[in-house]
Amino acid sequence: MGTTVLCDLDQFERDVLPSLPPEKLQHIVPTDAVDKAKATLSALFYEGGKKPKEVKEDHIAETVVDKVLNKIAFPSKYKVALSRFKYDSSDPSRAKVDAAIYPADRVPSNEAPDWTHCRFLIEFKKGDTKYDPWNDDESKNVEAERESRAAARAQLIAYARNVFLYQQRTALFTLLIIGDEFRVSRWDRSGVIVTKKVNYGKDPKRLLEVVWHLVQLDDEQQGMDPSATLIEKDSKAFKIMDLLAIPNPELDIADYMEGAKVTVKRPEGHVSYSDPPNLPPDPDLDEVEEVDDDPRVFKYVRDKFRDSLVDGWPRYKLRVGPKGRVFLVGKPIFCSSTMFGRATEGFIAVEARTRRFAFLKESWRPFYEGVEPEGRYLEMFADFPDMVVPAVLCHGDVAKQRAFAAVYEADPKRRKEESIKALQAAIDGAKRGKKHARPDDEQDVVVAASSAATVDDSGALRHHVHYRIAVKDVCLPFEEFRTTEQLIRLMYDCIKTHGIAYAKKNLLHRDISSGNVLILPRLSTAGDVEEVGWFGVLTDWELAKEAKSDVSLDKARQPERTGTWQFMSVAYVRSQCTIPVKVADELESFFYVLLFYAVRFIPHTISNVPGLVTQFFDTFQIDGKGGRLCSETKYQAVRDVPLRVQDEELIFLKTTGHPTNPLNQLIEKLRKLFDARYEVLDADRKSRRKMISIQGTSATRSTIKASSHITAREPLSWPGADDTDANDSDEELNVHFGHDSDETIPEEPSDRIQRRARRLDDHKTVLNLFLQTIRSTSERLWANTGTTSDKLVGYEPRITLVNQIRTSFETGTRNTSGSQAKRKKSSANVIATSSYPVHSMPGSSASGALPTTEEGDELV
């Protein structure tokens, strides 16, 4: 199962298209319009009205738009516009959809698509199966795997994503016209519902009825989000946004670097805001609410707000929380690169009533048992003084909006009907001696080698709920750190936050990644002097879940992988995500985040950093059963062996080139902890395999007693940084040791190794190692340990590997039994695409985009 739900047009009209109110039911397509369209299309597609003829795509598009659709007197004021050869100047993707349906007063005049105002998209393809993204034959995977067909699907997904990026949408309806046949689709964040092909060349009535129906729907039924309001250029909100984007020396703190002395004094009393005169009234903005908070703002916040006011990009009012507090936003400062999934976007926003800046995050959060909205966790953490978290202004689900495709796909009655049809199709095919695939379908197959963070093995679409949260603090991206000591200290803050959440509330984050650690600048006062301090912040808690202390309850309830592929632990991936995330897995993910930022910004001995990142983070392996494993390089990182890329060993340096950077000692001590864990886990796996071979193939996992070291533990309270003994170091961590590589004779790890492995059951040892490094390293050793320029500038795996790999955020394809049958049984490494934008602000994919399933061609 991919991201597509296939149905008949009758089903689509009955179950998917919103119903029209009774007063609009009388508006049916005029008979004369149908007859004229029939004559036009018959002449286009058939010689003598019968024999099909080949028609170019351009000719189809021009005829259908100009001579058929625009000739109909729509009951509502809509018009179709072609946009095949120009792109919108504000669109960085330069997408050129063939046509779109617009309100009559919003039709673009420049022959380019207007992504802000289009209501429905229309894409044209010439009449050939190789350009059809989907299969109607129930015996095949609905998502066609031939390269040209997957490319057509990728194109449609890209167009849909662009509409959702420009507009505040819950859904989008589109038409795909392939020669003399058409499909209707409904897109949302969980998937796409698409109809089987219907011929309109011989009888255009069904096509015209669909369009006739769509243009009569109200805005919300068409997929527009009623909690968002487009801001017009001549409005009060638009003018106020422009005004607040202007630099304000009386309130802007220019230097946000750690240790900077603050020269801008806090104003006494309340700050008054004067709106431009002669503006039309706006009930959301007419009254300014006075607040007691410090009105000063770091200059980078206002700068980023000003940068978001891009010419040609829409601005919106967004309502957040139960009370519908209004925030004004421009272009998101980061957004997910995928159409399906959480689709996280982050905005520098202005609250309408207070005129204060805020950070607003919008996403389609996973809707599953035991997973709470992120705002509830942040409100809970505010009660713990040792935790540094952004201050929540408001949050909440948006008007009970749920992604409908997953709801529809899960409907028991509909699924039963589809199962019966699929079974009957298989029976009928067997009676006719039908092959599973035509030779034409076996060409240019895109092998579905799944690689990404959230691979869904359940075969069901994931349920998502629309959610918004606004917080006071606008953080910096983690890549702003300037010294090795700063990196270690900021990472310590994030691990400490994670440790307190586990100790106090038994929570695990379950998505530790480079994009979910940020820097929060805050002001502190010493006497009469204010200065800037930096704190590491662990963000994006919306996948967090309580860890179960009862081992009988310790099972993965989430029907998908949870986390970001590049930073998942080796053990979690190796289990095929059947074992819930544990503290040790999360600590391993923190270790990978530390390495990721260190290899980008701290001097070291590896010459090819993009190659290192690709090989370490973005590469996976396929085992003999088709399961996905981490790369060999990543496995080496958690074993006590030299970490090499080709012939180069990774050693961090000072800016002078000397190999005495204190980070090396911290990394090696952490690696010894992880090595102990994997020595124990590997020995346990060998024992299990040996017991299975002795007991016979009927043995199951439940008959094998688990080793004591992986038994779930009650969470241990962590005393916090002030009480932590910085001298609580593990002398054994300074001893070099190897690991058992004998695959045939399982050996029980020593007591010392098992004891060391258990130190990853809670946070204390790891936190002490970080704290010891920070406190015990002399100023002389910290000298010359600053950062260099980013060694990943211009690196983006999705671009670098575009000719070698096709991912499901492009094609919608997931791993299926059909594609598995065509996969070569190989343990060769396969490239996984990156799930983090390298340059985003603040916080990269940050604050929260969970990457969706991504798949690619196998590289051999």
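Computed from heavy atoms alone, side chains included, the values below leave out hydrogens, waters and symmetry copies. Count residues from 1 along the sequence.
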message: By the salt bridge (charged side-chain N to carboxylate O under 4.0 Å, His left out) test, which pairs, at least two apart or in different chains, include something from residues 585-595?
response: D585-R677, E588-R677
message: F567 and ring pair (Phe, Tyr, Trp, His ring centres under 6.0 Å): which single residue from Y572, F596, Y597 fits?
response: F596
- prompt: Taking atom types as modelled, is there a side-chain donor on Q615 or E632 under 3.5 Å from an acceptor on the other?
  reply: no
- request: Using a cut-off of 6.0 Å, state whether more than 12 heavy atoms not belonging to R522 lie near its atom CZ.
  value: yes
- prompt: Under 3.5 Å, side chain of T619 to main-chain N/O of F616, donor-acceptor pair present?
  reply: no
query: In terms of ring plane angle, is the pair H509 and W541 parallel, tilted or perpendicular, where the classes change at 30° and 60°?
result: perpendicular
- prompt: H498 vs H763 aromatic rings, parallel, tilted or perpendicular, using cut-offs 30° and 60°?
  reply: tilted
field: NZ or CZ of K634 within 45° of Y592 ring axis and under 6.0 Å
entry: yes
- prompt: For D751, does the CG atom have more than 12 heavy-atom neighbours from other residues, nucleotides or ligands under 6.0 Å away?
  reply: no
- prompt: Thinking salt bridges, do R376 and E379 make one under a 4.0 Å N-O criterion?
  reply: no
- request: Could you tell me whether R510 and D540 make a salt bridge, using a distance below 4.0 angstrom between a side-chain N and a carboxylate O?
  value: no
query: Taking only residues at least two apart or on different chains, which pairs with a member in residues 651-664 satisfy salt bridge (charged side-chain N to carboxylate O under 4.0 Å, His left out)?
result: none
- request: Step through it carefully: locate the ring centre of Y256, locate the ring centre of F298, and say whether they are under 6.0 Å apart.
  value: no
N/O donor-acceptor pair under 3.5 Å between R671 side chain and A637 backbone: yes
Main-chain N/O of V599 paired to H604 side chain as donor or acceptor, under 3.5 Å: yes
query: Of all residues at least two apart in sequence or in a different chain, which pass the salt bridge (Lys or Arg N to Asp or Glu O under 4.0 Å) check with R489?
result: E258, E485
field: Short side-chain donor-acceptor distance under 3.5 Å, T656 and H658
entry: no
